[in-house]
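Structure, as structure tokens:
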Amino acid sequence: MLKFEHVSKVYKGGKRAVSDLSLEFEKGEFICFIGPSGCGKTTTMKMINRLIEPSEGSIYINGVDVLKKDPVQLRREIGYVIQQIGLFPHMTIYENISLVLKLLKWPEEKRRARAKELLTLVDMTADYLGKYPHELSGGQQQRVGVLRALAADQPLILMDEPFGALDPITRDSLQEEFKKLQKKLNKTIVFVTHDMDEALKLGDRIVIMRDGQLVQCDTPDDILRNPADEFVEEFIGKDRLVQARPNIQTVEQIMNPHPVTITGDRSLSEAIQLMKQHRVDSLLVVDEQNLLKGYIDVEIIDQKRKKASLVKDVLESEFTVEKDTLVRDTIRKILKKGMKYVPVVDHDQHLVGIVTRASLVDIVYDSIWGEEQQGEMTWLQSYNF
Amino acid sequence: MATVLQFLSTYGNELLLKTWEHLLISIIASLLGILVAVPLGIALTRFPKGAGTVMGTLGIIQTFPSFAILAFFIPIVGVGKIPAIIALFFYSVLPILRNTYIGVTGVKRSLLEAGRGMGMTGWERIRYVEVPLAIPVIMAGIRLSTVYLIGWATLAAYIGAGGLGDYIFSGLNLFQAKFIIAGAVPVTILALLTDLLLGRIETWVTPKGMRKMKEAA
Ligand SMILES: Nc1ncnc2c1ncn2[C@@H]1O[C@H](COP(=O)(O)OP(=O)(O)OP(=O)(O)O)[C@@H](O)[C@H]1O
Ligand SMILES: [Mg+2]
């Protein structure tokens with residue numbers, strides 16, 4: 001959908017703001033550009049709609065070189081939200097939202113209908129159509145700024161720190177709202193920010209830049225898991241790396257690799273012996289190849305021991321996770337299903353370990369008291385325990 | 001009071017005619033000034049390097065004594081209404097030009113970029129963004145220059161353009177205070193009324209969103 005090929009920008013006076021950037025993005029991707037001030041994020045973004053012309057290289061949208069298109073035409077096909085919102089103070093909300101449509105010569109009734117429809121996307125009523133920007137709160141203005149960029153249903157939207165000027169609470173809710181909106185509308189979005197939390201929260205992929213150069217372009221999880229270098233690590237921040245660990249660790253890294261198991265050909269009394277010995281109330285049932293068959297627990301044995309005598313006759317099948325699943329997702333499953341533990345298997349259903357509620361408590365404990373002691377309570381909340 | 005009434009009964013019709021003449025000269029000169037200065041002012045904003053020179057030159061011309069300019073036009077276009085209007089037109093240009101330039105350059109860069117980014121052509125930006133936002137400042141220039149012109153138009157009588165200046169010059173020549181007053185009072189009233197009217201128009205053409213913004217501020 002969007003492709004950068006060896007793109008560089010050298011400003012008059014010799015400042016090399018972007019150098020040799022090559023990137024490719026899919027339709028529907030939410031891409032966050034992030035980096036220290038002056039690293040060339042805005043420059044990169046503005047080269048897409050030719051507010052700035054690249055010095056070298058080419059940018060393609062759906063395979064078409066943007067330099068081959070008429071700039072005015074090109075810009076009408078791309079939504080653009082500038083850093084300072086930039087609503088026109090002399091126009092009503094309706095006029096602001098529908099301005100692009102006016103430029104595209106849509107008839108008045110269609111413009112009005114579209115403006116109303118757009119307002120509902122952000123839970124604003126049609127009453128706002130006749131108001132002027134200064135009569136709206138900052139958050140509402142920002143919403144309208146976004147709507148203006150969505151008006152002509154452009155498939156690609158550029159946003160330069162759109163939520164930068166908002167207070168943290170408004171900002172948070174707007175981010176959430178916007179992410180949902182993007183999923184729903186399936187837009188490709190290029191989003192510039194200098195806030196790592198924002199990038200991690202919104203981005204499908206994050207492009208980290210420094211001094212005009214690409215440092216890393218990856219999914220948030222990959223960036224947290226494998227920061228490309230010290231710069232990235234520092235940029236993410238140690239706090240966040242610690243906090244993020246449960247998010248990016250795999251089950252394999254935290255599981256207990258020695259679950260108590262039993263094979264199906266043993267008798268139920270042997271099973272009870274084993275439970276007593278290990279002080280557990282359930283056993284994982286495997287075959288000779290260590291393939292997971294199911295589980296038995298005290299309750300099952302209690303109910304069935306009159307009718308059967310072998311483990312394989314009473315075992316129940318089991319919900320499992322694969323060893324490279326993220327801990328984050330596992331926690332959710334365990335909590336949602338109210339399970340006490342989950343067996344961990346490899347891709348061929350061989351049992352390799354077990355994650356119990358107790359081991360989850362350990363990670364939580366670790367990330368709160370294990371490392372430094374500040375800030376880490378936050379991730380607890382983010383799971384809504 | 002009796003003298004005023006007597007004067008009016010003798011010169012009343014003539015006074016109305018002269019006032020009308022006066023107003024006409026001023027308004028035509030002012031309209032011409034708007035027609036030239038507003039587009040020129042906008043054009044200058046596209047060439048900020050040349051803008052300084054143009055405005056400097058006009059500023060110098062403006063400092064020439066009015067009489068000198070009027071006299072300067074006599075050999076070129078003769079005497080009468082036309083030369084007077086031309087001379088007055090020159091005077092009207094600078095305030096309008098300067099205000100247009102200041103108004104348009106004062107439009108926030110972010111708004112221009114928003115316009116450009118959404119795909120406005122140069123014309124569309126002028127029409128939808130720059131002019132509407134600069135209108136209050138441009139109007140203030142027009143108001144100022146028109147009120148000045150009404151005063152200066154008095155001098156136009158000197159080159160035979162007519163208007164209320166006729167009374168003042170006769171009065172001066174004949175040492176007749178009543179003629180001077182008969183000229184000066186209507187000029188002042190005219191100027192005040194014009195100022196009032198243009199003030200109204202100024203509010204009226206200021207986009208609603210900005211009017212309210214001012215009230216809120
Ligand atoms: N018009 C220009 N002429 C010359 N240099 C420029 C111009 N615009 C930007 N630069 C320089 O290019 C570099 C990149 O600027 P850019 O605006 O892309 O940074 P940014 O990453 O968006 O920074 P910020 O986070 O502060 O917005 C900076 O060093 C800046 O000073
Ligand atoms: Mg920037």
Side-chain angles (χ1 to χ4, degrees), chain A residues 42 45-52 69-105 130-136 141 144-145 147-152 154 157-162 165, chain B residues 38 41-42 45-49 99-142 200-217:
Chain A
T42 300
M45 199 190 75
K46 286 188 184 171
M47 284 192 288
I48 299 172
N49 66 357
R50 291 185 61 184
L51 286 175
I52 295 175
K69 294 191 94 170
D70 170 50
V72 167
Q73 199 53 41
L74 174 79
R75 288 175 201 143
R76 286 180 187 177
E77 290 163 14
I78 300 176
Y80 182 46
V81 183
I82 67 167
Q83 188 156 1
Q84 309 85 341
I85 313 182
L87 291 184
F88 296 115
H90 59 295
M91 295 185 188
T92 60
I93 300 311
Y94 160 63
E95 288 167 326
N96 266 291
I97 295 180
S98 63
L99 192 53
V100 186
L101 306 177
K102 190 169 180 175
L103 300 179
L104 292 169
K105 310 252 180 330
K131 297 205 180 208
Y132 285 93
H134 71 96
E135 297 171 290
L136 269 55
Q141 290 185 24
V144 173
L147 293 184
R148 186 171 63 173
L150 296 172
Q154 300 93 329
I157 316 279
L158 312 178
M159 309 178 89
D160 197 349
E161 299 198 26
Chain B
V38 173
I42 295 171
T45 60
R46 310 290 126 139
F47 306 100
K49 278 185 196 134
N99 276 42
T100 305
Y101 184 81
I102 291 172
V104 172
T105 46
V107 173
K108 277 203 209 132
R109 282 181 54 100
S110 61
L111 294 180
L112 288 179
E113 200 191 289
R116 218 154 77 88
M118 69 168 60
M120 286 188 186
T121 60
W123 277 118
E124 284 165 343
R125 247 178 301 145
I126 291 174
R127 172 155 169 229
Y128 294 123
V129 184
E130 292 176 301
V131 169
L133 287 171
I135 268 282
V137 186
I138 297 177
M139 254 332 274
I142 292 174
R200 283 279 168 81
I201 295 182
E202 198 177 311
T203 331
W204 182 61
V205 294
T206 302
K208 228 167 123 213
M210 295 167 74
R211 240 183 286 162
K212 288 202 195 153
M213 203 156 60
K214 269 185 205 150
E215 281 163 21

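The chains referred to below are lettered A, B, ... by the order of the sequence lines, with proteins before strands, and numbering in each begins at 1.
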Report summary line: Rounding to 0.5 Å, atoms CZ (B:Arg125) and CD1 (B:Ile42) come to a distance of 12.5 Å

Query raised in the report: Do A:Met47 and A:Ile52 come close enough that some side-chain heavy atom pair is under 4.5 Å?
Result: yes

Requested in this report: Could you tell me which portion of A:Arg50 (side chain, backbone, both or neither) has an atom closer than 4.5 angstrom to a non-hydrogen atom of chain B?
Outcome: neither

**Report entry** Proximity breakdown for A:Leu87 and chain B, heavy-atom pairs closer than 4.5 Å
**Finding:** backbone

Query - Sidechain N-carboxylate O distance under 4.0 Å for B:Glu130, B:Arg46 - result: yes

Report summary line: Most heavy-atom pairs under 4.5 Å with chain B, out of A:Ile85, A:Asp70, A:Leu51, belong to A:Leu51

Query raised in the report: Going by heavy atoms in the side chains, are A:Leu136 and A:Lys131 under 4.5 Å from each other?
Result: yes

**Report entry** Of all pairs that satisfy salt bridge (charged side-chain N to carboxylate O under 4.0 Å, His left out), the ones with a partner from residues 74-88 of chain A, not counting sequence neighbours
**Finding:** A:Lys69-A:Glu77, A:Arg76-B:Glu124

Report summary line: Scored by heavy-atom pairs under 4.5 Å with chain B, the best of A:Arg148, A:Glu95, A:Gln73 is A:Arg148

**Report entry** Beyond-backbone contact of B:Met210 with B:Ile135, side-chain heavy atoms, under 4.5 angstrom
**Finding:** no

Query raised in the report: Just wondering, do A:Tyr80 and A:Met45 contact through their side chains at under 4.5 Å, heavy atoms?
Result: yes

Query raised in the report: What option among A:Leu104, A:Ile82, A:Leu158 has the most heavy-atom pairs under 4.5 Å with chain B?
Result: A:Ile82

Query raised in the report: In Å, rounded to the nearest 0.5 Å, how long is the span from NE2 of A:His90 to CG of B:Leu133?
Result: 4.5 Å

Query raised in the report: Residue by residue, which of residues 102-113 of chain B have a heavy atom closer than 4.5 Å to a heavy atom belonging to chain A?
Result: B:Ser110, B:Leu111, B:Glu113

Query - Stepwise side chain to side chain contact (heavy atoms under 4.5 Å, CB included) check, B:Met120 with A:Leu99 - result: CA-CA 10 Å; B:Met120 286 188 186; A:Leu99 192 53; 3.2 Å; yes

**Report entry** Residue A:Lys102 versus chain B: region with a heavy atom under 4.5 Å
**Finding:** side chain

